[in-house]
Amino acid sequence: MLLNGWLHVCKHRREQQELVLHEVVEEIIYGVESGILFGISSVISKTGFLLLKQGFAGFFLALCVSLSVVCSTFGFYYQTRGLKHGRAIVVTTCGAVSAILTAVLSGMYALGEDLPSSPVSRQLLLVGWVLIVIGVSLLVFSPHLARYLPKP
């Protein structure tokens with residue numbers, strides 16, 4: 001809901017002032033919204049299978065899978081809106097990164113899954129996440145950064 005509110009503010013400002021930066025923000029918001037929904041979808045689906053494994057009725061699995069399908073549907077909706085109005089590489093990359101982060105964080109906190117136990121593995125995981133965020137940032141701002149590169 002917060003991202004949708006931010007999206008409406010950015011659209012309103014862009015319409016008033018024709019700001020290019022707000023188009024980039026919209027691409028990011030659509031990607032993040034879709035990724036969050038995809039990540040939540042996977043966590044809900046996993047929850048259903050865990051409930052079934054713990055002896056709960058099959059109804060809960062069906063309910064969780066149905067909720068997972070609904071989340072994925074809304075994820076595709078936001079991703080399609082982002083692809084319609086923005087660059088595909090930005091929308092899909094932001095979506096993938098936010099889906100990974102949402103699923104990992106939700107899995108850790110809601111499902112009790114653990115990070116790797118060895119300190120080296122944890123540090124490598126953190127370095128990987130930082131590199132992914134840096135890569136996404138470079139993709140998003142590449143048109144703006146290209147101006148500062150030397151011309152051949």
Side-chain angles (χ1 to χ4, degrees), residues 1-15 19 21-144:
M1 288 180 3
L2 291 173
L3 289 173
N4 275 330
W6 190 19
L7 181 64
H8 290 295
V9 168
C10 287
K11 281 184 177 182
H12 183 68
R13 285 186 183 169
R14 186 183 58 157
E15 288 172 359
L19 298 175
L21 179 62
H22 291 289
E23 290 176 8
V24 173
V25 172
E26 288 176 26
E27 294 170 346
I28 293 169
I29 290 173
Y30 281 126
V32 169
E33 281 180 328
S34 67
I36 288 172
L37 287 165
F38 290 140
I40 288 173
S41 171
S42 66
V43 171
I44 290 173
S45 178
K46 174 73 175 186
T47 302
F49 287 109
L50 288 176
L51 291 174
L52 185 66
K53 187 177 179 181
Q54 291 177 358
F56 286 87
F59 165 78
F60 290 107
L61 175 62
L63 178 66
C64 288
V65 169
S66 298
L67 289 173
S68 176
V69 168
V70 169
C71 286
S72 292
T73 302
F74 279 105
F76 283 120
Y77 170 76
Y78 283 113
Q79 187 177 44
T80 303
R81 284 187 66 182
L83 293 174
K84 182 178 176 183
H85 299 293
R87 294 173 291 168
I89 193 164
V90 174
V91 174
T92 55
T93 305
C94 289
V97 170
S98 64
I100 291 168
L101 291 176
T102 301
V104 168
L105 294 175
S106 298
M108 285 174 29
Y109 292 110
L111 302 177
E113 296 176 355
D114 296 325
L115 288 175
S117 58
S118 92
V120 173
S121 297
R122 285 184 185 192
Q123 289 175 351
L124 288 175
L125 183 66
L126 180 62
V127 167
W129 285 350
V130 168
L131 289 174
I132 288 172
V133 170
I134 290 171
V136 170
S137 300
L138 289 174
L139 279 173
V140 168
F141 295 110
S142 61
H144 305 292

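No experiment lies behind these values; they were computed from the predicted model shown. Along the sequence shown, residues carry numbers from 1.
The distance from the OH atom of Y78 to the CD1 atom of I36 is 11.0 Å, given to the nearest 0.5 Å. Here S106 contributes atom OG and L101 contributes atom CG; the two are 10.0 Å apart, rounded to the nearest 0.5 Å. For the atom pair L63 CG and I44 CD1, the distance stands at 9.0 Å (nearest 0.5 Å). Once rounded to the nearest 0.5 Å, the distance linking CG of L61 with OG1 of T47 reads 11.0 Å. Remark: L51 CG to F60 CZ distance equals 7.5 Å, nearest 0.5 Å. Interatomic distance, SG of C64 versus CZ of F49, reported as 9.5 Å (0.5 Å rounding).
Of all the heavy atoms in V32 and S98, the pair that sits closest is O-OG, 3.3 Å. Between G75 and F38, the shortest heavy-atom distance links the atoms C-CZ, 3.5 Å.
Side-chain contact check for L125 versus W129: some heavy-atom pair is nearer than 4.5 Å. For the pair T92 and L83, the minimum side-chain heavy-atom distance is below 4.5 Å.
In this structure, the side chain of T102 does not engage the main chain of A99 through any donor-acceptor pair within 3.5 Å.
Counting heavy atoms of neighbouring residues, nucleotides and ligands inside a 6.0 Å radius, atom CG of L126 exceeds 12 of them.
Test R81, K84, E33, E27 against V91 for side chain to side chain contact (heavy atoms under 4.5 Å, CB included) and you get one pass: E27.
Among pairs with a residue in residues 58-72, those fulfilling side-chain hydrogen bond (donor to acceptor under 3.5 Å, both in side chains) read S41-S68, S41-S72, at least two apart in sequence or across chains.
Residues meeting the side chain to side chain contact (heavy atoms under 4.5 Å, CB included) test with I134, sequence neighbours left out: V130, L138.
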Below 3.5 Å, can you tabulate the donor-acceptor pairs from side chains in residues 114-121 to any protein atom, sequence neighbours excluded?
{"residue": "S118", "atom": "OG", "partner": "S121", "partner atom": "N", "Å": "3.1"}
{"residue": "S118", "atom": "OG", "partner": "S121", "partner atom": "OG", "Å": "2.9"}

